[in-house]
Amino acid sequence: MTDCLFCRIVAGEIPAEIVYEDEQILVFKDINPRAAVHLLAIPKIHLTCLEEITSEHQMLIGHIMVQLPHLARAQGLPDGFRAIINSGPGGGQEVGHLHVHLLGGEGLPGFN
Ligand code: AMP
Ligand code: ZN
């Protein structure tokens, strides 16, 4: 049993609105959406933040990035989206399991 919220979502212990899953990653809707589309793409393995990744994780991180435009199009965003990674407390990260925010559509906040 882990106390990491997103590991618990991966394990199916906490429900989430999953929109995509494969062996390496899980993508689900943010519970507090900041735009019409707000997804979180996470590695299934626990990595706290970007500080923790090494060359060993290059394929995994690349895999997440490659999926983003497909996910955006599938969510009805044909002409672009914003991807954000908050890494560590200094980056405003609140959930300590690496995740990429995918945001777009109505209500997309300004970048500041
Ligand atoms: P960050 O500040 O980058 O760590 O972002 C964490 C994000 O996780 C926030 O946008 C939250 O709304 C979102 N979040 C927290 N708990 C859940 C949950 N149970 N299911 C989906 N999203 C969540
Ligand atoms: Zn975790």
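Counting starts at 1 for both ligands and their atoms, in listed order. Note that the structure is a prediction, hence the values are computed from the model and not measured.
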Which atom names give the shortest non-hydrogen contact between [X] and [Y], and what distance separates them?
X      : Y     : result
Ile25  : Lys44 : O-CE, 3.7 Å
Leu47  : Glu52 : CA-OE1, 3.4 Å
Gly104 : Ala35 : O-CB, 3.6 Å

Residue and atom name of the nearest protein heavy atom (relative to [atom]), distance in Å to one decimal:
atom                    : value
atom 16 (N) of ligand 1 : Leu5 CD2, 3.3 Å
atom 4 (O) of ligand 1  : Glu94 N, 2.6 Å
atom 23 (C) of ligand 1 : Ile31 CG2, 3.5 Å
atom 5 (O) of ligand 1  : His99 NE2, 3.1 Å

Got a second to check how far Asn86's CG is from Leu50's CG, nearest 0.5 Å?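 Reported value, rounded in 0.5 Å steps: 10.0 Å.
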
Is there a heavy atom of [X] sitting under 4.0 angstrom from any atom of ligand 1?
X     : value
Arg34 : yes
Asp30 : yes
Ala16 : no

Would you indicate whether the side-chain heavy atoms of Asp22 and His63 approach each other to under 4.5 Å? yes

Given side chains that start at C-beta, do those of Ile9 and Phe28 come closer than 4.5 Å, heavy atoms only? yes

Are Met65 and Leu39 connected, step by step, through hydrophobic side chains (Ile, Leu, Val, Met, Phe, Trp, Tyr) whose heavy atoms are closer than 4.5 Å? yes

Do Leu68 and Val19 sit in the same hydrophobic cluster, where Ile, Leu, Val, Met, Phe, Trp and Tyr count as joined when their side-chain heavy atoms come under 4.5 Å apart?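 Looking at the clustering, Val19 is in the same group as Leu68.
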
For N/O/S atoms only: which one belongs to His46 and is nearest the Zn ion (ligand 2)?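 The His46 atom nearest to the Zn ion (ligand 2), restricting to N, O or S, is ND1.
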
Of all the N, O or S atoms in His97, which one sits nearest to the Zn ion (ligand 2)? ND1

For ligand 1, which atoms, with element, lie under 4.0 Å from some heavy atom of [X]?
X      : result
Asn86  : 1 (P), 2 (O), 3 (O)
Phe28  : 21 (C)
Gly92  : 2 (O)
His101 : 1 (P), 3 (O), 5 (O), 7 (C), 10 (O)
Gln93  : 4 (O)
Leu40  : 8 (O), 13 (C), 22 (N)
Lys29  : 21 (C)
Phe6   : 8 (O)

Check the side chains of Thr48 and His46 for a donor-acceptor pair under 3.5 angstrom, ignoring hydrogens and angles.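 Judged by distance alone, the side chains do pair up.
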
Any N or O of Val95 that comes nearer than 3.5 Å to an N or O of ligand 1? yes

Does an N or O anywhere in Ile9 fall below 3.5 Å from an N or O of ligand 1? no

My understanding is that only one of Ile42, Ile61, Ile45 makes a side chain to side chain contact (heavy atoms under 4.5 Å, CB included) with Leu98; could you say which? Ile61

Is it true that His99 and His97 have ring centroids separated by less than 6.0 Å? no

Heavy-atom distances under 4.0 Å decide this one: backbone, side chain, both or neither, for Asn32 against ligand 1?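 Both parts.
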
Going by the angle between their ring planes, with limits at 30° and 60°, are His101 and His38 parallel, tilted or perpendicular? tilted

